[in-house]
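In what follows, a single structure is set out as structure tokens and then discussed.
FYI, side chains are in, hydrogens and waters are out, and symmetry mates aren't considered; it's all heavy atoms of this structure. Quick note on labels: first sequence line is chain A, next is B, and so on, each numbered from 1.
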Protein chains: 2
Amino acid sequence: MRDAIPQGTYKVQALDRAFAVLDLLGESDTPLGLAQVAASLQLHKSTAHRFLMVLERHRMVERTVNGKFRLGLRLFDFGNRAIEQYDLRDRAQPHLRRLVAETEETAHLALLEAARVIYIDKIEPTRSVRMITRIGASNPVHCTSVGKAILAFLPPERAAEVIRRIRYEKLTSRTIATPEALRTELEKTRRRGYAVDDEELEEGLRCIAVPVLDAQRLPVAAVSVSGPSFRVTAQKLPAIANHLLQCVRGISADMGYVPSGRAAKAVVNA
Amino acid sequence: MRDAIPQGTYKVQALDRAFAVLDLLGESDTPLGLAQVAASLQLHKSTAHRFLMVLERHRMVERTVNGKFRLGLRLFDFGNRAIEQYDLRDRAQPHLRRLVAETEETAHLALLEAARVIYIDKIEPTRSVRMITRIGASNPVHCTSVGKAILAFLPPERAAEVIRRIRYEKLTSRTIATPEALRTELEKTRRRGYAVDDEELEEGLRCIAVPVLDAQRLPVAAVSVSGPSFRVTAQKLPAIANHLLQCVRGISADMGYVPSGRAAKAVVNA
DNA sequence: CTCTAGCTTCTCATATCATGGGACACGGGT
DNA sequence: ACCCGTGTCCCATGATATGAGAAGCTAGAG
């Protein structure tokens, strides 16, 4: 059984239902039959069937050999178009790769959207257990290093807006769960020039991130390095941070952002 | 002005329209205003507006600062979920990277869908002009090396089905434009063990590909190496083909496909 | 082989739901 | 000031999606 179909001021029932179908298929790790879809969404067989056929025509879903439905590759196409505009991803990749080579830990590239961060790329060191993050997935800002890195360097009013919209879930015992605590944490972040997530998202996972600044010196994304706490120790943080700073400097340069007249102002004092 | 909104046996007007909106935004390289969307799709302002608002609620579109619309990052999420099942992509990446290092040319990983190939990954050598292909984009089978590589090793009846469904567009003077010519080309491909696209998709571009075979020895994808014809010369093809073969062998192994013989045919749906 | 059970596909009369006409509001340009 | 091109909103209308149900499947059991 699933959540009720989302409502809102503007409603197009058919659309909401269609997206609910896609959501369902996206969350299920195995393809689903018509009956399962209809039951889960409390749609009539007949209705679900019609939707699935239309979605199939648009290649938003496809059928497996045994007739079950799963997400279609059209979505993959759309997804890639969606981030194309941010061609950040392509440009950043070589730099991330170097970063991973240097640190031997997993690197992420993330964007801020609303009050969540969205991972748009991930590079893993060759000899590492695979992390669970999926590209395209999102996490709350307040418990991720990338989130805090971006937030800390956003103009105050935009940061305030985001801080207001956060739903302060406590994901581990260390998660920062109030706006006030978050604000002081951001202040700390600004001072040292990099953000840290010390097991605030997940037990045993420590991350460190710095923002990627555009020509206006506004954060457009953040790069992080994550690893098990026992390897990413407090002592190593400054060294990793240096690699991170070099990395984002490279990305900014590649994106054509001028290094700016007065030198990197925010990210200097360690 | 755009094409008419697609029709079909099963119709949900609202859905077709919504996807037309997404299509439009996906094809435009710049964000569009409400009025432009409405005009291009011949929708009433009011209707277009409602759709956009609903799409925005689902984060399928987002608004730029000046209120214009573009594709949203939710699509990116969905897209990545869609290919997750084919975790081929992740597993193949290191092998592709090695391939690129060896050949110093661009490598692609592609899937067959209907009568088109879809690029699901692309790795470019560091010192190369960027190719125009976009991950997620698709091309016709008959004029790509990846398409021919997959087709050549498909079971005859499935291949025939695909060959029948191709729309034989002639993209360059060398494009294979008839089913007969394609069939003899596939025969040639089978004999030599790799497929070649000799400026059949684009003038000056030569590609060579081999299929990735699964446990049942059926092609699930193909890997290609592409480059300007003057660098990817006829003489070099066999050498590149060898690298390709090694590459796909590695991928198959990583996917857990047993090297040969009839394999465990155990994979059944739940 | 037939019978059932469970699934998918199809049809059609109904009323629900999206539709679009049009009013309003905003803002930038002349 | 004005206008023109925007985006937003409301609401009566009927075109449109809806869902009950019947008909087709397919596979597995008897």
Side-chain angles (χ1 to χ4, degrees), chain A residues 1-2 4-22 24-25 28 30-58 60-72, chain B residues 1-2 4-25 28 30-72 265-270:
Chain A
M1 204 61 85
R2 295 207 7 97
I5 286 157
Q7 305 283 330
T9 328
Y10 295 90
K11 225 179 96 185
V12 177
Q13 192 191 50
L15 264 190
D16 284 333
R17 289 176 162 187
F19 287 134
V21 169
L22 291 180
L24 181 68
L25 292 177
S28 152
T30 131
L32 300 176
L34 168 60
Q36 294 167 282
V37 173
S40 305
L41 300 173
Q42 312 192 69
L43 291 178
H44 201 271
K45 276 184 311 177
S46 167
T47 308
H49 181 247
R50 190 161 3 88
F51 276 115
L52 284 166
M53 295 315 271
V54 175
L55 288 171
E56 189 189 20
R57 178 154 48 77
H58 286 277
M60 298 307 221
V61 307
E62 57 186 38
R63 312 194 72 162
T64 60
V65 278
N66 48 46
K68 296 187 183 292
F69 297 90
R70 65 170 170 201
L71 294 184
Chain B
M1 205 60 84
R2 296 204 7 97
I5 286 160
Q7 304 283 330
T9 327
Y10 295 90
K11 224 179 96 185
V12 177
Q13 192 191 51
L15 265 190
D16 285 332
R17 288 177 162 187
F19 288 135
V21 169
L22 291 180
D23 253 332
L24 180 68
L25 292 177
S28 152
T30 129
L32 301 175
L34 168 61
Q36 301 172 69
V37 172
S40 305
L41 299 174
Q42 312 192 68
L43 293 178
H44 199 272
K45 270 189 312 178
S46 169
T47 308
H49 182 247
R50 191 161 3 92
F51 276 118
L52 285 165
M53 298 313 271
V54 175
L55 288 171
E56 189 189 19
R57 178 155 47 78
H58 287 278
R59 292 174 37 231
M60 298 306 219
V61 308
E62 56 185 41
R63 311 195 71 161
T64 60
V65 278
N66 48 44
K68 294 189 184 295
F69 297 90
R70 66 171 169 200
L71 293 184
K265 193 185 144 155
V267 195
V268 189
N269 59 307

Does D:dG19 have OP1 or OP2 sitting under 4.0 Å from an N or O in the side chain of A:Thr47?
yes

Nearest-Å distance, CG (A:Asp16) to P (D:dT18)?
11 Å

Ring-plane angle category for A:Phe19 and B:Phe19, please: parallel below 30°, perpendicular beyond 60°, tilted otherwise.
perpendicular

Whole-Å distance separating the CG atom of B:Asn66 from the C1' atom of C:dG27
14 Å

Does D:dG19 have OP1 or OP2 under 4.0 Å away from a side-chain N or O of A:Arg17?
yes

If you assign A:His44 and B:Leu15 each to the DNA chain D nucleotide with the nearest heavy atom, which residue ends up on the more 5' nucleotide?
B:Leu15

Can you see if the side chain of A:Gln13 gets near the phosphate of D:dT18 - specifically, an N or O under 4.0 Å from OP1 or OP2?
yes

Taking only side-chain nitrogens and oxygens of B:His49, does any of them come within less than 4.0 Å of OP1 or OP2 of D:dT8?
yes

Side-chain-base donor-acceptor pair under 3.5 Å for B:Lys45 and D:dT6
no

What is the distance, rounded to the nearest whole Å, between atom NZ of B:Lys11 and atom C1' of C:dT11?
17 Å

Once you round it to whole Å, what is the distance between P of C:dC17 and CZ of A:Phe51?
11 Å

In whole angstrom, give the distance that lies between atom CG of A:Leu41 and atom C1' of D:dA17.
17 Å

Compare side-chain N and O positions of B:Arg50 against OP1 and OP2 of C:dT19 and report whether any pair is under 4.0 Å apart.
yes

Test side-chain contact (heavy atoms from CB on, under 4.5 Å) applied to B:Lys68 and B:Arg63, B:Glu62, B:Gln36, the passing residue:
B:Gln36

Nearest whole Å is fine: how far is C:dT19 P from B:Leu52 CG?
12 Å

